[in-house]
Amino acid sequence: MIPVTMHSDQIVSAHARQILDSRGRPTVEAEVILAGGATGRACAPSGASTGRHEAHELRDADPSSFQGRGVRRAVAAVREYIAPALKNRPALDQGECDAVMRELDGSPQLTRLGGNAVLAVSLAVCRAAAAHRGVPLYAHIAELAGSVPSMPLPMTNILSGGAHASRGMDIQDFLVIPVGARSYSQALEMIARVRAEAARLMAERGLPVLLADEGGLSPGFADPREALGLMLDSFGAAGLRAGEDAAIALDIAASELRSSDGYQLARLGRRLSSAEMAGYVRDLVASYPAIASVEDPLDQDDWETWRALTTELTTGLAAIQVVGDDLFATNPGRIVRGIRAGAANAALIKPNQNGTLSGTLEAMAVARRAGYALIVSARSGETEDSFIADLAVGTGAGQIKIGSLRAPNGSPSTTSYSGSRSRFQIASTAGERSRDASPRAAATPDTALTSRTRRLNDVLHRNPARIRQLFRSPGGQQHPGRRPEGRPHASLQLPVGPMPNLQVPDHRRCG
Ligand code: PGA
Ligand code: ZN
């Protein structure tokens, strides 16, 4: 029985436990229970190429347990501080719940309670609220964000280096963006083809086909141009035209390369100044027209060079997407600074960099208002929690960055893709009148997708020819033979039907 003075969306308890992530390292899972009986559960992911400006990941530093990586202090923070502070707070008021936790912590980077503790609870509150309302998670997020849901264009790891692959290559991620896909399911299939062909070509050439942290292949090339060549060969072998059907995205993760005396490209055997690093990236982009997006080409605090390189990469015929990840750290203040400085034209969005869902939505709103593109992203250490799939759809972010199709058990690909797949596949088959689709699907208008695509087009690349080439403006001019009939992106529609519950198999629990 709910006491009469209590609203059914009020939080009655919050719990947390230590679980293992896809790298076998501890992380926090939180659960929030409401007076009306609804519950929400969520897990904090964890990065490896972690930026200096992210929310603090609280770890135990006890060498006798998980090499000091235990999160029992973060779990205790939920039990001893967060749960009592959230008691009786309305889960429907995400802003209030997040503000209570921020105030309780009192530090900008959540060092006291731990960003991992706060984020897991914040996302669990959101899930509980959605369950309480009986609406899909993406729909609840859309209301919180005041946005129109839409399907994202995925970018997915094919080749990995940097901190995710024992630094076997200097550049961290070589990703495919299936820019020519007409539906999410077609996008997945194109990615799978590229992934399979890359593995086949590598085996044929006697290269190791070991999996990196996110499930990308790690050929360990000394020169990034060899990796770019392999990407193009894989596109070709998959029957895809480079730059037309499939584009390349790079995450250089340059903060990881930065040392006191410049950028160390250890595998290439070169040490570069800031200006030389910018020149190096510019040359790569110029030599490979299939590169459509470059993330963190420079260090997180190299603002002046960021500004200059952004200007070079985002103007003219070869304008591309320039993404700030460590640079922005999903921090509204840093995004504002970047907007003023003219650094990047897109923001990577990782909720655990910020620490709360409200803060993440604020970061997205700030970036969006300035015309920056948004890419919701997984971390290299993931769990079964597919919250980011709903976040990408609900906020109509436009793009999602996820691990590879094949991955070590439970890595971001498994996580984000199973999340994305179950949600997005339903959505994409809906347009094809699949048995899986609810009757509502047929009535779903295309307007959201159209606005997503239009926004991407408007925002990412100020050059219309390049825009059409990359993202195929619906209603705009199309390449002959590209989309012979039917509505552009007709099957990229909204997810429909109830979202599956978050499942955390018992074998992945450790506490
Ligand atoms: P991370 O890598 O999760 O290890 O930070 C992802 C990225 O850099 O985008
Ligand atoms: Zn990155």
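Atoms within each ligand, like the ligands themselves, are counted from 1 in listed order. Worth saying up front: this structure is predicted, and the values here are computed from it rather than measured.
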Close-contact set for ligand 1 against Glu295 heavy atoms, below 4.0 Å: 9 (O)
Residue Glu295 atom name (nearest to the Zn ion (ligand 2); N/O/S): OE2
Protein contact to atom 9 (O) of ligand 1 [nearest heavy atom, distance to 0.1 Å]: Lys401 NZ, 2.7 Å
His164 N/O under 3.5 Å from ligand 1 N/O: yes
N, O or S of Asp325 under 2.8 Å from the Zn ion (ligand 2): yes
Glu189 atom CD: more than 12 heavy-atom contacts under 6.0 Å: no
Arg258 to Tyr263, cation-pi by 6.0 Å centre distance and 45° axis angle: yes
Heavy atom of the protein closest to atom 5 (O) of ligand 1 (residue, atom name, distance): Arg379 NH2, 2.8 Å
Donor-acceptor pair, side chain of Ser160 and main chain of His164, under 3.5 angstrom: no
Within-4.5 Å side-chain heavy-atom neighbours: Arg127 and Asp385: yes
Ser380 side chain to Ala48 backbone, donor-acceptor under 3.5 Å: yes
The Zn ion (ligand 2) to nearest N/O/S of Asp251 less than 2.8 Å: yes
Nearest heavy atoms of Asp173 and Lys401, plus distance in Å: OD2-NZ, 3.1 Å
Where ligand 1 meets Ala48 - atom numbers and elements under 4.0 angstrom, heavy-atom basis: 1 (P), 4 (O)
Polar contact flag for Glu214 and ligand 1 (N/O pairs, less than 3.5 Å): no
Donor-acceptor contact present, side-chain Asn354 to main-chain Gly359, <3.5 Å: yes
Under 3.5 Å donor-acceptor, Arg73 side chain and Arg59 backbone: yes
Per-atom contacts, ligand 1 versus Gln172 - under 4.0 Å to a heavy atom: 2 (O), 6 (C), 7 (C), 8 (O)
Whether Asp173 has an N, O or S atom under 2.8 Å from the Zn ion (ligand 2): no
Contacting atoms of ligand 1, where contact means under 4.0 angstrom from a heavy atom of Gly47: 1 (P), 3 (O), 4 (O)
Under-4.0 Å heavy-atom contact with ligand 1, by part of Leu348 that carries it: side chain
Donor-acceptor pair, side chain of Arg271 and main chain of Asp261, under 3.5 angstrom: yes
Ala253 touching ligand 1 at heavy-atom level, < 4.0 angstrom: no
Location of contacts on Asp251 toward ligand 1, heavy atoms closer than 4.0 Å: side chain
Closest approach of any protein heavy atom to atom 6 (C) of ligand 1, naming residue and atom: Lys350 NZ, 3.4 Å
Verdict with reasoning, Asp21 to Thr383, per side chain to side chain donor-acceptor pair (under 3.5 Å): CA-CA 5 Å; Asp21 72 11; Thr383 68; over 6 Å; no
Asp325: numbered ligand 1 atoms lying under 4.0 Å from its heavy atoms: 7 (C), 8 (O), 9 (O)
Verdict with reasoning, Lys350 to Asp325, per salt bridge (Lys or Arg N to Asp or Glu O under 4.0 Å): CA-CA 8 Å; Lys350 294 166 166 172; Asp325 172 14; 2.8 Å; yes
